[in-house]
K.L.:
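Have a look at this one.
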Amino acid sequence: MTIKTRFAPSPTGYLHVGGARTALFSWLYARKHGGQFVLRIEDTDLERSTAESVNAILEGMTWLGLEYDEGPFYQTKRFDRYNEVIDQLLESGHAYRCDCPRERLDQLREEAMARKEKPRYDGCCREKTVNPDEPHVVRFRNPLDGAVVMDDMVLGKMVFENRELDDLIIRRSDGSPTYNLSVVVDDMDMEISHVIRGNDHVMNTPRQMNILHALGKAPPKYAHVPMILGDDGARLSKRHGAVSVMQYREQGFLPEALLNYLVRLGWSHGDQEIFSLDELTQLFDIDQVNKAASAFNTDKLLWLNQHYIKSADPARVAHLLGYHLGKRDIDPANGPELMDVVMAQRERAQTLEEMAEISEFIYRDFDDFDEKAAKKHLRPVAREPLERMLVALEALEEWTREKLHATVEQVATELGLNMGKVAQPLRVAVVGRAASPGIDDTLFLVGKEATLRRIDEALGYIFDREANTGEG
RNA sequence: GCUCCCUUCGUCUAGCGGUUAGGACGCCGGCCUCUCACGUCGGUAACAGGGGUUCAAUUCCCCUAGGGAGCGCCA
């Protein structure tokens, strides 16, 4: 059997992490088995589907690198086919027209709830003959007894009693097909062998299997993957911040980090945490996926992201960093080689956004010293080391890390101080705060001109402080 | 309310009848060190509860509790 999976989002919002993981699982499953992966846009809800959402989903898939072999298919372009199937069902008696007014349906629901029963359609029109020219919907004639058995690849064997199911609408009064009908037709026509989807679809499965059965087709294999919960264990929602995959890019995450994080939510391979896509296509399997929902933990994602920032090709990281610097109105061309910045900062940043932030000092003078840092390091005792550094650096002809390191070391030795006593005031003077890459890297990246200017500024600051407090 | 599903450290998880219940993130501490990090070493912390089955249950069964999903002319 040739393996074919699909990812079928509805374009009513952005691609979120839950959808992305489902897509990843489907993609991996297809890749692992040398099969095909299909992208299908489920836009039968004309009211809520938008072109922006379609673009956002396509963009998200591209960013993640989940390329599809077929599609994107749009259900709105297949209405004729769905109607053909509905008519076929009508003809064979597996479906019937229903003209129950909405008010009656609402009332039915309320009454059932009041009786503490599950709200279901009562089958009122099952045996009625409804005029096709009058307003009506088409319902699927679900079997009244018996049971549907689904052998789910993650949930295991599940049995649904037909009497728990009601006659679902498969064609709306406006003539458009509904979800449960169109998925069945599409999965059938596109020869999807494995339906991998979110847990929220479990209850649809027996209905879809019944429709398939009425059509005389064998059902595909199903795998219902658990939901992803928010940091707080509650259902993931907009309240949790970045739920859209593209927001993670904006925040400076690498796609491989997000993918690696997502695949470990519900799936594992022994104690291994880091997986390349190649490894995953070898190791992943859907029946090892957990049944229980899992909570999204941003701290772990950050850890993975830093791991990938550290191990990714610096040239690529540099390119990406350029984008994030640009968001801060910084033109990387007006500074050192971006690669040098990356090499100096990649062990200090968990995201590219953070890397851009902590690298600002390289490109422009800061407005104020960090209060705590200045208080601690820009004290009168630091005046002499800084004055000496100023002179020594001014005289330095080769602005290299080696020379810079030697200079700092020499000044420290001359004054009988340890490195820290010189490097820290110098760091605060040049960076504005107490944390930065090694002092030689820091000075190298800032450049001679800005370094001298900022040391001078810092000396002025110390001078003012001495004058004001009488410290000394 | 009804139907179905789930339940190991705070979080992600390993475990598939006999383990000092393992790893990872986080957190705490040591080392490294010019700062911050990185790295490294160590520590903290879990089988939801109750019944069975068994020589033996985290592992199998049942019940309870808690959590989730579904119950649309949404997907």
Side-chain angles (χ1 to χ4, degrees), chain A residues 8-12 42-45 47-49 75 98 100 102 105-106 109 112-121 136-139 152 155-156 158-161 164-166 168-180 182-183 197-204 206 224 226-227 229 231-235 261 264-274 290-304 306 310 345-350 358 373 377 405 408-409 412 417-428 431 433-440 442:
Chain A
S10 64
T12 53
E42 310 231 318
D43 52 357
T44 50
D45 184 350
E47 302 275 302
R48 285 187 276 188
S49 299
Q75 293 192 319
C98 164
C100 291
R102 290 179 200 241
L105 266 22
D106 293 341
R109 234 190 310 279
M113 289 290 237
R115 279 199 312 273
K116 298 179 186 249
E117 280 172 20
K118 188 202 288 209
R120 293 159 58 220
Y121 177 62
H136 68 276
V137 299
V138 175
R139 288 183 184 271
D152 192 277
L155 263 16
M158 299 222 279
V159 180
F160 300 91
E161 297 297 328
E164 295 293 339
L165 275 25
D166 64 353
L168 72 159
I169 292 172
I170 54 178
R171 179 154 68 198
R172 301 185 184 91
S173 46
D174 68 358
S176 63
T178 60
Y179 164 76
N180 276 297
S182 45
V183 215
R197 69 210 328 185
N199 215 321
D200 48 338
H201 286 285
V202 173
M203 293 302 176
N204 291 321
H224 289 94
M227 312 256 79
L229 276 21
D231 269 334
D232 53 3
R235 191 175 180 177
Y261 178 72
R264 282 285 288 102
L265 238 39
W267 177 83
S268 62
H269 179 70
D271 286 340
Q272 191 171 345
E273 295 286 350
I274 307 292
N290 283 159
K291 298 177 180 181
S294 40
F296 194 93
N297 185 220
T298 306
D299 281 337
K300 189 158 182 180
L301 206 212
L302 282 166
W303 171 74
L304 271 168
Q306 180 166 32
K310 281 188 296 183
Q345 296 284 38
R346 64 179 185 174
E347 289 179 346
R348 276 164 259 269
Q350 293 189 299
I358 63 175
H377 298 292
H405 187 85
V408 177
E409 212 162 40
L417 299 169
N418 56 35
M419 274 284 275
K421 287 282 190 288
V422 178
Q424 268 314 84
L426 187 55
R427 170 171 286 113
V428 177
V431 179
R433 52 187 174 192
S436 84
I439 195 66
D440 37 359
T442 298

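Note: hydrogens, waters and symmetry copies are ignored here, and every other heavy atom, side chains too, is used. Letters A, B, ... mirror the listed sequences (proteins, then strands); counts begin at 1.
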K.L.:
Testing the basics here: between A/Asp440 and A/His405, what is the closest heavy-atom pair and its distance to 0.1 Å?
P.N.:
OD2-ND1, 3.3 Å
K.L.:
Between B/U13, B/A75, B/U3, which nucleotide gets closest to the side-chain atoms of A/Arg264?
P.N.:
B/U13
K.L.:
When we call it a touch if two heavy atoms are under 4.0 Å apart, what does A/Lys118 touch: a base, just sugar-phosphate, or nothing?
P.N.:
base
K.L.:
Quick one: label A/Asp440 by what it contacts on the DNA or RNA (base, sugar-phosphate, nothing), any heavy atom closer than 4.0 Å.
P.N.:
base
K.L.:
How close or far is atom P of B/G26 from atom NZ of A/Lys300, stated in whole angstroms?
P.N.:
9 Å
K.L.:
Categorize A/Arg171 for me: base, sugar-phosphate, or nothing, with a 4.0 angstrom heavy-atom threshold over every strand shown.
P.N.:
nothing
K.L.:
In whole angstrom, give me the gap between the C1' atoms of B/G15 and B/C34.
P.N.:
47 Å
K.L.:
State which of B/A75, B/C34, B/C12 makes the closest approach to the side chain of A/Ala423.
P.N.:
B/C34
K.L.:
For the residue pair A/Ile274 and A/Gln272, what are the closest heavy atoms and their distance?
P.N.:
O-NE2, 2.9 Å
K.L.:
For B/U19 and B/A57, measure between their C1' atoms and round to the nearest Å.
P.N.:
13 Å
K.L.:
What is the separation between atom CZ on A/Arg109 and atom P on B/U3, rounded to the nearest whole Å?
P.N.:
19 Å
K.L.:
Have a look at A/Leu265 and say if it touches a base, only the backbone sugar-phosphate, or nothing, with a 4.0 Å heavy-atom cut-off.
P.N.:
sugar-phosphate
K.L.:
Between the base of B/G23 and the side chain of A/Gln272, is there a donor-acceptor distance below 3.5 Å?
P.N.:
no
K.L.:
So which one's nearest nucleotide on RNA chain B is more toward 5', A/Gly270 or A/Thr178?
P.N.:
A/Gly270
K.L.:
Considering only atom C1', compute the distance from B/C60 to B/G1 and round it to an integer number of Å.
P.N.:
32 Å
K.L.:
Quick check for you: among B/A69, B/U13, B/A24, whose closest atom lies nearest to any side-chain atom of A/Ser294?
P.N.:
B/U13
K.L.:
At 4.0 Å (heavy atoms only), tell me whether A/Ala292 reaches a base, stays on the sugar-phosphate, or touches nothing.
P.N.:
sugar-phosphate
K.L.:
Contact class for A/Ser268 vs. all strands (heavy atom < 4.0 Å): base, sugar-phosphate, or nothing?
P.N.:
sugar-phosphate
K.L.:
Under 3.5 Å, is there an N or O donor on one side and an acceptor on the other linking the side chain of A/Asp43 and the base of B/A75?
P.N.:
no
K.L.:
Over how many whole Å does the gap from A/Met203 atom CE to B/C71 atom P extend?
P.N.:
9 Å
K.L.:
On a plain distance test, is the side chain of A/Arg348 in donor-acceptor contact with the base of B/C36 below 3.5 Å?
P.N.:
yes
K.L.:
Classify the nucleic acid contact of A/Arg346 as base, sugar-phosphate or nothing, counting any heavy atom under 4.0 Å across all strands shown.
P.N.:
nothing
K.L.:
From NE2 of A/His201 over to P of B/A75, roughly how many Å is that when rounded to an integer?
P.N.:
11 Å
K.L.:
Are the side chain of A/Asn290 and the backbone N or O of A/Ala292 linked by a donor-acceptor pair below 3.5 Å?
P.N.:
no
K.L.:
With both distances under 3.5 Å as the test, what is the Watson-Crick or G-U wobble partner of B/G18?
P.N.:
B/C55
K.L.:
Given that both distances must come in under 3.5 Å, which nucleotide forms a Watson-Crick or G-U wobble pair with B/G29?
P.N.:
B/C41
K.L.:
Tell me which nucleotide, if any, is Watson-Crick or G-U wobble paired with B/C71 when both distances must be under 3.5 Å.
P.N.:
B/G1
K.L.:
When we call it a touch if two heavy atoms are under 4.0 Å apart, what does A/Glu42 touch: a base, just sugar-phosphate, or nothing?
P.N.:
sugar-phosphate
K.L.:
Determine the contact category for A/Ser173: base if any of its heavy atoms lies under 4.0 Å from a base atom, sugar-phosphate if only primed atoms, P, OP1 or OP2 are that close, otherwise nothing.
P.N.:
base
K.L.:
Nearest 0.5 angstrom please: A/Met113 CE to A/Lys116 NZ, how far?
P.N.:
11.5 Å
K.L.:
Classify the nucleic acid contact of A/Lys310 as base, sugar-phosphate or nothing, counting any heavy atom under 4.0 Å across all strands shown.
P.N.:
sugar-phosphate
K.L.:
What is the distance, rounded to the nearest whole Å, between atom CG of A/Asp166 and atom P of B/C73?
P.N.:
9 Å
K.L.:
Quote, to the nearest angstrom, the C1' distance that separates B/C9 from B/C2.
P.N.:
36 Å
K.L.:
Testing the basics here: between A/Ser436 and A/Val431, what is the closest heavy-atom pair and its distance to 0.1 Å?
P.N.:
CB-CG2, 3.7 Å
K.L.:
Mind telling me whether A/Tyr261 and A/Phe296 have parallel, tilted or perpendicular rings, with 30° and 60° as the class edges?
P.N.:
perpendicular
K.L.:
Identify whether any heavy atom of A/His377 sits under 4.0 Å from a base atom; if not, whether one sits that close to sugar-phosphate; answer base, sugar-phosphate or nothing.
P.N.:
nothing
K.L.:
If you only use heavy atoms from C-beta on, which nucleotide in B/A69, B/G1, B/A75 is closest to the side chain of A/Thr44?
P.N.:
B/A75
K.L.:
Which of these, A/Asn199, A/Asp200, A/Asp152, A/Asn204, sits in a side chain to side chain donor-acceptor pair (under 3.5 Å) with A/His224?
P.N.:
A/Asp152
K.L.:
Without hydrogens or angle criteria, can the side chains of A/Thr178 and A/Asn180 be said to hold a donor-acceptor pair below 3.5 Å?
P.N.:
no
K.L.:
For nucleotides B/U13 and B/G70, find the distance between their C1' atoms and express it as a whole number of Å.
P.N.:
28 Å
K.L.:
Could you measure between the two C1' atoms, the one in B/C27 and the one in B/U44, and give it in whole Å?
P.N.:
8 Å
K.L.:
Could you measure between the two P atoms, the one in B/G26 and the one in B/U11, and give it in whole Å?
P.N.:
16 Å
K.L.:
Hey, does the side-chain of A/Asp271 have a donor or acceptor N/O within less than 3.5 Å of a partner on the base of B/G22?
P.N.:
yes
K.L.:
So if I take every side-chain heavy atom of A/Arg427 and compare against B/A14, B/A69, B/U35, which nucleotide ends up nearest?
P.N.:
B/U35
K.L.:
Rounded to whole Å, please give me the gap between CG in A/Asn204 and P in B/A75.
P.N.:
10 Å
K.L.:
Counting heavy atoms from C-beta on, name the nucleotide in B/G1, B/U35, B/G23 closest to the side chain of A/Glu273.
P.N.:
B/G23
K.L.:
Let me know, please, whether A/Arg139 or A/Ala293 comes out on the 5' side of the other along RNA chain B by nearest nucleotide.
P.N.:
A/Ala293
K.L.:
Where do A/Thr44 and A/Pro177 come nearest, in terms of heavy atoms and distance?
P.N.:
CB-O, 3.9 Å
K.L.:
NA contact type, A/Gly198, heavy-atom cut-off 4.0 Å: base, sugar-phosphate, or nothing?
P.N.:
nothing
K.L.:
CD of A/Gln306 versus P of B/C36: gap in Å, rounded?
P.N.:
15 Å
K.L.:
Would you mind classifying the nucleic acid contact of A/Pro437 as base, sugar-phosphate or nothing, using non-hydrogen atoms under 4.0 angstrom?
P.N.:
base
K.L.:
Return the value, rounded to whole Å, for the distance between atom CD1 of A/Ile358 and atom P of B/C38.
P.N.:
11 Å
K.L.:
So what's B/G66 paired with, Watson-Crick or G-U wobble, going by both distances under 3.5 Å?
P.N.:
B/C6
K.L.:
Determine the contact category for A/Val137: base if any of its heavy atoms lies under 4.0 Å from a base atom, sugar-phosphate if only primed atoms, P, OP1 or OP2 are that close, otherwise nothing.
P.N.:
base
K.L.:
Roughly how many Å apart are B/A45 and B/U20, using the C1' atom of each and rounding to a whole number?
P.N.:
16 Å
